[in-house]
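On a predicted model such as this, the values are computed, not experimentally measured, just so you know.
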Amino acid sequence: MRKGKIIVVSMMVFCVLVFFIAIAWFVLYQGEMTEPSGEDKHAAIVHAAGLLKTELKDKQSIEKMYQRSIIARKVNLDSGEFVTDNRVGEGCKTLSPEHDPAQIRQRCPLADIYFAKDKNDKIQSIIIPVSGKGAKSMMHAFLALGLDGRTVKNLYYYQQRETPFLGARVEDENWRKQWPGKILLDNNGKPSLKIVQGKSADPDENTIDGISGATLTSIGVEKSINYWMGEQGYGHFLQRLAHDPNILNASTLISP
């Protein structure tokens, strides 16, 4: 009897330990992710730019397409000016909760920005990185904008660990189809995206239907995109673009 009790107690302790280890793994591993690799980013940018008409699995082909069609620059988020300084990590500041709706924790003054060009070196779209907290994880995407800096051409999430079949549907093509043509800034240059749960009764150019059963993920998408389109994100650059569309001259972008 004594041995039986010891076995039962040991099994219970073992099960409890497994349970807590599983919870710890889910919280730590699922919620936090490593920084996406350069190769992953390049592939995602090519997808966001709409350059892949078919799914290519050849990484070399995608990388060649990136090198041929994408111009990468850095921009000072505070001034909206292009910079050649690569010291992105310098000057980063921890954000207080009231100034961190996307829950990115810290803001750096220098950030990457990308431009997709055609074979004649004419700029076709502006591509900005978007990151923010969803229900369970940080979500990373690239947002492709038209040359007006307001109109969505594409939204491509490439790294997230939201709940399968719910929040993870930010990668679902059917959900993403409603984004092209939406306007993300109002006439005053302020972020105007609204994501509503369920089918919107009166959809407009600023409204996206949220993901059913994934309210927190949908809220996270709205907050992160509005953050990066706003003054703390790329807002100053987009305002500068609105006043001077000529800054999208490909030859100038290629040779800073």
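If you run side-chain contact (heavy atoms from CB on, under 4.5 Å) between Leu145 and each of Thr151, Leu184, Ile127, only Leu184 comes through.
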* side chain to side chain contact (heavy atoms under 4.5 Å, CB included) between Ile104 and Met138, worked out -> CA-CA 8 Å; Ile104 59 173; Met138 287 299 294; 4.2 Å; yes
* To do: Would you sort out whether Asp58 and Lys64 count as a salt bridge (charged side-chain N to carboxylate O under 4.0 Å, His left out), showing the intermediate values?
  => CA-CA 10 Å; Asp58 183 352; Lys64 286 180 181 179; over 6 Å; no
* Residue pair Phe115, Ile113: steps toward the side chain to side chain contact (heavy atoms under 4.5 Å, CB included) verdict -> CA-CA 7 Å; Phe115 303 90; Ile113 190 167; 3.8 Å; yes
* Assess whether side chain to side chain contact (heavy atoms under 4.5 Å, CB included) is satisfied between Arg240 and Glu81, documenting all intermediate values. => CA-CA 8 Å; Arg240 181 170 165 248; Glu81 300 281 342; 3.6 Å; yes
* Asked: Taking it one step at a time, do Leu77 and Leu110 satisfy side chain to side chain contact (heavy atoms under 4.5 Å, CB included)?
  -> CA-CA 6 Å; Leu77 298 181; Leu110 302 185; over 6 Å; no
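Between Trp175 and Gly210, the closest heavy-atom pair is NE1-C, 3.9 Å. The shortest heavy-atom contact between Lys182 and Ile208 is CG-CD1, 3.6 Å. Closest non-hydrogen pair, Arg150 versus Leu185, comes out as NH2-O, 2.7 Å. For the residue pair Gly80 and Phe237, the shortest heavy atom distance occurs at O-CD1, 3.4 Å. Heavy atoms only, all atoms of each residue included: Ser131 and Ala102 are closest at O-CB, 4.0 Å. In this structure, Met139 and Tyr157 approach most closely via the heavy-atom pair CB-CE2, 3.7 Å.
Within the 4.5 Å cutoff, no side-chain heavy atoms of Thr217 are placed close to those of Leu166. The shortest distance between side-chain heavy atoms of Asp186 and Asn206 does not fall below 4.5 Å. Using a 4.5 Å heavy-atom threshold, the side chains of Ile128 and Met229 count as touching. Two residues are said to be in side-chain contact when any heavy atoms from C-beta on lie closer than 4.5 Å; Ile247 and Leu241 meet this criterion.
Ser69 places no side-chain N or O within 3.5 Å of a backbone atom of Tyr66 that could act as its donor or acceptor partner. In this structure, the side chain of Asn154 does not engage the main chain of Ala49 through any donor-acceptor pair within 3.5 Å. One N or O on the side chain of Gln178 and one on the backbone of Asp209 form a donor-acceptor pair closer than 3.5 Å. Using modelled atom types, no side-chain atom of Lys59 and backbone atom of Asp40 make a donor-acceptor pair closer than 3.5 Å. Checked by atom type and distance alone, the side chain of Ser137 never pairs as donor or acceptor with a backbone atom of Gln160 at under 3.5 Å. Checking side-chain atoms of Arg176 against main-chain N and O of Leu155 turns up a donor-acceptor pair under 3.5 Å. In this structure, Asn226 contributes its side chain and Leu193 its backbone to a donor-acceptor pair below 3.5 Å. Formation of a donor-acceptor pair under 3.5 Å by the Trp228 side chain with backbone atoms of Pro129 is not found in this model. Formation of a donor-acceptor pair under 3.5 Å by the Gln197 side chain with backbone atoms of Ser212 is not found in this model. Looking only at distances, no side-chain donor or acceptor of Asn120 sits under 3.5 Å from a matching main-chain atom of Lys122.
Of the inter-residue distances, the one linking Lys41 atom NZ with Glu39 atom CD reads 13.0 Å to the nearest 0.5 angstrom. Considering OG of Ser224 and CG of Leu143, their distance stands at 9.5 Å, rounded to 0.5 Å. Rounding to the nearest 0.5 Å gives a distance of 6.0 Å between CG of Asp148 and CD1 of Ile183. Atom-to-atom distance recorded for Ser125:OG and Ile70:CD1 is 6.5 Å, nearest 0.5 angstrom.
In this structure, Lys133 does not pair ionically with Asp100, as no charged nitrogen and carboxylate oxygen lie closer than 4.0 Å. The residues Glu162 and Arg169 are annotated as not salt-bridged, no charged nitrogen and carboxylate oxygen being separated by less than 4.0 angstrom.
Using a 30° and 60° split on the angle between ring planes, His140 and Tyr158 fall in the tilted class, from 30° to 60°.
A continuous path of Ile, Leu, Val, Met, Phe, Trp and Tyr side chains, each step under 4.5 Å between heavy atoms, connects Leu147 with Leu253, placing both in one hydrophobic cluster.
Screening residues 212-238 for salt bridge (charged side-chain N to carboxylate O under 4.0 Å, His left out), with sequence neighbours left out, gives Lys190-Glu231.
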